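It should be emphasised that the depicted structure is a prediction, and the values quoted were computed from it without experimental measurement.
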Amino acid sequence: MPPRQPQIEIVEMKKDSMTFILSKTDASIANALRRVMIAETPTMSIDLVEFENNTSVLHDEFIAHRLGLIPLTSSRVEKFNFTRECSCTDNCENCSVRFNLHVTCTDDTKQVTSDDLFSTDADVRPVHREDDSIVIVKLAKGQELKLTAIAKKGVGKEHAKWQPTCITTFQYDPDIRINQNIMDRLDEEKKVKFANSCPVKVFAYDKDTRTVSVEAASNCVYCQECKFYSNDIGHPDLVHVGYKPERYIFTVESSGSLEPQEIVLSALSILKTKLAHVHENLKNEVDF
Amino acid sequence: MPETDNIKKTRLDDGSHNKTPDSIPQKWIDSVAPHVDSFNWFLANSVRLYLNNSAPTKVLDSNIELFVESMTIGKPVLDGKPMYPHICRQMGITYEAPLLAKLVFRQDANQFTVERIIGKMPIMVKSTHCHLHGMSPKELVAHYEEDTEVGGYFIINGNEKIIRLLNTSRRHDIVSYIRPSLSRMGAQYTPYAVSMKCVRPDQTTQTLHLHYCRDGSVSARIIIKRKEYLIPVALLLKALVDTSDREIYGRIVQGDTEHSMLLDAVEIMLREFKKKALYSREQCLSHLGSGFRLIMREFVDAEMDDIEAGQALLDNFVLVHLSTHRDKFNTLILMVRKLYALVQGRCSVDNLDSVMNHEVLLPGHLWNSMFQERVRMYCYGLSSLIRKFNAKNTKSWETPIKKACESVPDLCQKMKTFLSTGNLTSESGLDLMQASGFTVIADKLNYLRYMSHFQCIHRGAFFAEMKTTLPRKLLPEAWGFVCPVHTPDGGPCGLLNHLAVTCKVPIDVKGRVDIEDLLSTLGLTNTVPSIHASIRHLDVMLDGRYVGKVAENIAEDLVSKLRFYKVKGLQGVPRDLEIAHVPYNSTGGGRFPGIFMFSGPARFTRPVRNLLVGEEEMIGSFEQVYMNIACMEGDRRANSTHQEILPTNILSAVATMTPFSDFNQSPRNMYQCQMGKQTMGTPLSAYPYRCDNKLYRIQNPQMPLVRTFGQHDYAVNNYPTGANAIVAVISYTGYDMEDAMIINKSSYERGFGHGSVYKTEYVDASSLAETNELRSTPQTKCYFHNVGLNGQLHEPSLDEDGLPAVGQLIKEGDPLYCVYDPIAKQFSVKKYKTNEECYIDDILVIDPHNAHDQKVGPEHVVIKLRYNRNPVIGDKFSSRHGQKGVLSQLWPQIDMPFSESGMTPDVIINPHAFPSRMTIGMLVESMAAKSGALHGVFHDATPFRFNEKERAVDYFGEQLIKAGYNYYGNEPLYSGISGQEFHADIYLGVVYYQRLRHMVKDKFQVRSNGPINSLTQQPIKGRKKGGGIRFGEMERDSMLAHGTAFLLNDRLYNCSDRSTACVCSRCGSILAPISVTGTERGEGTMSTDRVDYCRNCQTDQDVKVVDIPAVFKYLTAELAAMNLKSTLTIK
């Protein structure tokens, strides 16, 4: 038997999210991938803020915290060093990006948004989607906010602001089977009720053939509603809700700093590097 | 409840938040009404009441007399400009207005007038004399106030102070009581008594008690200047009107001829009185007058004869609410009748702890009583000063008066002391049962706490010390008036209550209600009853005045007609008239029968729906007991005349905030009322303009997804206190045991529970001066400054003005400010001593106008410090259901369980938190908020909306199904560590979580080494001083029980006062050995080596060094001082 090779099958691909099926592997690998995507994929985020003037209603730490949580485009994150590994003493352009923000409100009120953050590096900018920029603080007439912010490379393990993902999850691929022998014996009303018992429309009732079939198994949230219904009508074996071993449906939703496929690829390469390190170390140990 | 199909936005989400409202919510105005309205009553009436009621004050030993011609209370001013409340808060001064008076001095025919400010009167914020009165929310914001500022408090030295509402006994009602201690008053006294609290038009009170004596007679007890006097009631009756024994007998007996005991008692009372040989009314009056004229000197002139003095006693101390003697006589007779009925067991004793027999002591009424007394005392003070100055200067009579006017102290000083300390200093005691604890600081910890201060009503400090728990009981009479949920547990439980949301306290003193003609047409008779009456009659009282009687068979008809007029406001019947019809009880129990009506102020009243008229009616706490009020629609019975407007009207404002409180076990709702008030929330919006000692703020507050109508009505969502957290109920990692909770580290990093604390320091530059010289001229005063003569900064980390920069981080030991002393010509720097680092939030210069030369620096500043208080392990959190927990671990997001939709919980709590506490409301909230979040609606969580037929679980379950979730809110979760699905589905939902103010940073106490007590060498106590935690007797016992000897030794000895000492093994003393050199010992050797030498044995041969606790040495020294020798045996 040839060695089992994990496979990825992309189900859906959008600008900010993707769904794929990881198969022929087990939960540990799937989970390792999930964990690395969340916690160890590096991105850029604002980490140091120097305030020159802040007469807004929010205090310095609060604004600094808000700035940190603004996702920055990090597709070129590899070109930066981690500051702690960089050869410079404090921070330099190899490990950080400087942002300037200076807003004074002359009208009644003014919103300071992520668009007001001016980057010194074209590759690292606040994420901008359509006309939806992130509000940092609202200024009243005469108030001013002037600061410089320094973004650094980091990982989600250290602080949530470096997480590239919003949602990263997997679920077992549902395996739903209807016992058609029992189903055939049910009257039409029960069949319809059975099909409707599912809140996410896994089953479909075909009027013409008068059959119930599994239409969209992947919708299943294991809510057990169909099981409850079949128990209620006295046929506990009417439906089997299980999961297919070795198949994991992944959903990755990006915060915008990286594209979903970048997150997955980056995570895979980090996993690979980690394994390489283990391999390297082990080899050294054995050599001794 | 609406159908599941149309999930729509309810009234709960009208988008009214985060906008300046056009008007202040009515509920807020209502909640402070007892405070503001009663103070407005004071402002409108106090001067008139004083002037109507005052007599000129005579200066002793002269013929000068003085009186107040007029008084005006102004509006607060500062340096000729209007003083607004925010100025007082920031400068730490009192919000007060000048009290301008015209004093007239008269000597024979000459008189002259002095017009001057005789005091500075603290003004309640938002009262009619406050500058904020009548301002719109926009104007309020322009004056640096909250947009919904409702006032109700005073500002004393920058602190917001509230006069607490107090429960007092109901006025103008005859209450009976049995108290064994009464029989100790004298040999003939019994425990039976009745009393009536009578109120003068100026709201000062005088209580009259009647005591039953062993021989059957009755004696009256009155209190004059805190001293008690007893008078036979027959004497009072005969002094009041010209009457005969027969009339008194007939009126008391009223046809009750079958009660021989009553007949005997009345007979004895009258017979006994005959012995005094006082036959006519004049004789009685002069007897009273001669006895009391010295005691009530203020009311009796030297020129008055004894009869007039007797009149003065009756006018000023007996049933003072009544004006005519005939009324007093009739009412006194009724009191005597009730007393006899009590003694005979024909009526039951009244419960003085019941809200039925209570009224509210309103701040404005209390303030007025104090004011009346203060003005009187001011005149006395002035007259004695005039007398003092007059002795030296006899030529002109005006000079000493002017001098006296200058030196007489501020009239309102004592009233300000009252507000700042809560202690009442009064000559008469104002008929109150306590002398302290009247005021509290209006703590702005969060909005709920602040609001609850105004609705809080205390039973009185007297009851707090009582051992019996009777006054603390929740009685059914309190229904609708006092909240059954909102009372603290522990010490003040049941004594510190809160008014229910619809409970209103009438303020206006209406004077006499003229409905007697109406009553006559309805069947009231006023004939003198014969001794042998045939039909039973009910006595009718109106505001403590006997108005007549009505035949029992038509009483009910009279009451229902009267009630109709009341609801409709017809025939001059006031809409808040309380009509209590107490029927005859054939079994002999129950309250003394009659129709008792009350129209006076300070009563507990509340609206209910009158089913017969179909309109709202204000009912009082007395009449409620004798009415049939249905609660819900289904509770109506044949005899129900009224119905509750809303079932939630029994709750206080804070209690209405608990979502689904009808699903919870009741103590949990009580805990929630306490915890809601301890939440670190958003107390106000005007942070930059406040200088409170301590203010809390949370940084990412949210409005709850699940809310009650209470939250909407009180608009508390403008002042949110927490965040909607994804909560999983699961036992995971073990860090959620015993009410601990786990927070997702990433949630924390994204801002969950972030907050800060603001503290304010008022600094006077002169406080750093090293010399105590008098600094009267501006040139000699210390000021904040930091530039030396060489132009260099004296303290580099501070700005030129000697103050730190706004936004600067200050750590322990950093300079906080720098002051220049122009006399000593030197700088002094004050360092920051707290061990928690902080940021400078703001600095305000609060020098009075023109107080300092513009060239030098400021003298008084306020430094506002900001402490970062993001959650740390050990901080306390709670849901809104009395479920508090401690943060035990910030758990990485990747290790948290996750659902198929990718949610990781923000908070994990243990399922064991539910079975014993039965907070089903929290589980329902979790489902409701989850479905609300999925459908984008705010759900209504007002209690009593669901029932057994329309279940909350079904309603929200259906919605969850619609959103594609499990009906019961369960979800399969995967372990974040292994990636495997849990065997059980987990209850996952959204719950509003609040952060409580108890934080580890304020509480941790730890030490390895530190300060010790110099006498015992043991660690000192106290967290502030870096002391240790006492390892006490009980802790020692448990160590003994565990047999952990080494630990015990370590705690009590090694880590405490272990020390070495020298013991002489020959004589066994540890006091005798001392450390000396050979020279000192006189041995002639020049050795400087120290040797331990026993002074008893004159040798150093046998001195041994041992380890002992240092206190042991101290003990032996103490024993030696008492001539007790202690000997140690050294082996």
Side-chain angles (χ1 to χ4, degrees), chain A residues 17 26-40 51-55 57-62 65-66 68-69 156-163 165-172 174 196-202 219-225 228 243 248-253, chain B residues 18 685-688 697 699-700 744-752 754-756 758 806-809 839-842 866 868 870 892-896 898-904 957-981 985:
Chain A
S17 75
D26 50 25
S28 57
I29 300 295
N31 198 36
L33 181 59
R34 183 190 71 93
R35 291 167 62 94
V36 170
M37 283 194 282
I38 295 172
E40 290 182 69
F51 286 87
E52 226 168 286
N53 192 14
N54 174 15
T55 51
V57 290
L58 302 184
H59 51 251
D60 302 351
E61 308 95 275
F62 197 169
H65 177 244
R66 290 181 71 85
L69 292 176
K157 211 183 227 177
E158 202 176 325
H159 192 284
K161 66 186 172 189
W162 279 299
Q163 285 182 14
T165 61
C166 288
I167 276 175
T168 314
T169 183
F170 64 81
Q171 67 180 91
Y172 299 148
N196 289 340
S197 70
C198 180
V200 284
K201 307 275 177 282
V202 168
N219 280 356
C220 183
V221 293
Y222 300 98
C223 69
Q224 308 288 325
E225 285 299 325
F228 292 142
Y243 51 84
Y248 303 93
I249 307 171
F250 266 82
T251 312
V252 178
E253 214 176 281
Chain B
N18 72 46
S685 337
Y687 278 101
R697 180 179 193 173
Q699 259 151 39
N700 300 292
N744 187 329
K745 179 166 164 280
S746 295
S747 305
Y748 154 76
E749 284 162 356
R750 293 185 191 109
F752 183 80
H754 281 199
S756 26
Y758 294 81
V806 171
Q808 190 178 332
L809 176 69
Y839 294 91
I840 304 294
D841 189 63
D842 204 358
R866 182 177 68 239
N868 184 25
N870 292 345
Q893 185 188 341
I894 49 168
D895 294 339
M896 290 293 254
F898 60 95
S899 78
E900 289 178 348
S901 54
M903 300 303 287
T904 44
E958 293 293 326
Q959 297 196 6
L960 284 176
I961 288 283
K962 275 214 161 66
Y965 280 78
N966 175 281
Y967 190 85
Y968 294 106
N970 295 327
E971 277 184 56
L973 289 196
Y974 295 74
S975 164
I977 297 166
S978 72
Q980 279 173 320
E981 191 188 333
D985 286 354

With a 4.5 angstrom heavy-atom cut-off, which part of B/Thr904 approaches chain A: side chain, backbone, both or neither? neither
Per-residue tally against chain B (heavy atom, under 4.5 Å) across A/Glu253, A/Glu225, A/Lys157 peaks at A/Glu225
At a heavy-atom distance under 4.5 Å, which candidate from A/Ile249, A/Ile38, A/Leu58 has the highest pair count against chain B? A/Ile38
Comparing B/Ser978, B/Ala963, B/Gly807 against chain A, the one with the most heavy-atom pairs below 4.5 Å turns out to be B/Ser978
B/Glu981 versus chain A, the contacting section by heavy-atom distance below 4.5 Å: both
Side chain, backbone, both or neither: which part of A/Glu40 has a heavy atom under 4.5 Å from chain B? neither
Nearest non-hydrogen partners of A/His59 and B/Tyr758, listed with the distance: ND1-OH, 3.4 Å
Bottom line for B/Tyr839: the part with an atom under 4.5 Å from chain A's heavy atoms is side chain
Holding to side-chain contact (heavy atoms from CB on, under 4.5 Å), I want the full list of residues that pass it with A/Thr251, two or more places apart in sequence or in another chain. A/Thr19, A/Thr169
Identify the heavy atoms of B/Gln699 and B/Ser756 that sit nearest to each other, and give their distance. NE2-OG, 3.3 Å
Check whether B/Asp985 gets within reach of chain A through its side chain, its backbone, both or neither, counting any heavy atom under 4.5 Å. side chain
Should B/Lys962 and B/Glu958 count as an ion pair when the cut-off is N to O under 4.0 Å? no
So, using side-chain hydrogen bond (donor to acceptor under 3.5 Å, both in side chains) as the criterion, who are the partners of A/Glu52 when residues are at least two apart? A/Lys146
Contacting region of A/His65 [heavy-atom separation from chain B under 4.5 Å]: side chain
Ignoring hydrogens, what is the shortest heavy-atom contact between B/Glu900 and A/Cys220? Give both atom names and the distance. OE1-O, 3.7 Å
Under 4.0 Å between a Lys/Arg side-chain N and an Asp/Glu carboxylate O for B/Glu749 and A/Lys161? no
Could you check which of B/Gln980, B/Arg750, B/Arg697 has the highest count of heavy-atom pairs closer than 4.5 Å to chain A? B/Arg750
Checking A/Lys201 against chain B: side chain, backbone, both or neither under 4.5 Å from a heavy atom? neither
Chain B contact via A/Ala30 - which portion, at a heavy-atom distance below 4.5 Å: neither
Which heavy-atom pair separates B/Gly979 from A/Ala27 by the least distance, and what is that distance? O-CB, 3.9 Å
With a 4.5 Å cut-off on heavy-atom pairs, point out which of B/His754, B/Gln893, B/Arg866 contacts chain A the most. B/Arg866
Return yes when atom NZ of B/Lys745 has more than 12 non-hydrogen atoms of other residues, nucleotides or ligands closer than 6.0 Å, and no otherwise. yes
Measuring heavy-atom distances to chain A, does B/Tyr974 have an atom under 4.5 Å in its side chain, in its backbone, in both, or in neither? side chain
Who among B/Val806, B/Ile961, B/Asp841 has the most heavy-atom pairs with chain A under 4.5 Å? B/Ile961
Is it the side chain or the backbone of A/Tyr248 that comes within 4.5 Å of chain B heavy atoms, both, or neither? neither
Measuring heavy-atom distances to chain B, does A/Tyr172 have an atom under 4.5 Å in its side chain, in its backbone, in both, or in neither? both
What part of A/Gln163 is in contact with chain B, defined as an atom under 4.5 angstrom from a non-hydrogen atom: side chain, backbone, both or neither? side chain
Check step by step if side-chain contact (heavy atoms from CB on, under 4.5 Å) holds for B/Phe898 and A/Asn31. CA-CA 11 Å; B/Phe898 60 95; A/Asn31 198 36; 4.1 Å; yes
Chain A heavy atoms under 4.5 Å from B/Ser901: which part of the residue, side chain, backbone, both or neither? backbone
Within the distance-only criterion (no hydrogens, no angle test), does the side chain of A/Arg34 pair as donor or acceptor with the backbone N or O of A/Phe250 below 3.5 angstrom? no
Return the minimal non-hydrogen interatomic distance between A/Met37 and A/Thr165, and the atom names on each side. O-CG2, 4.1 Å
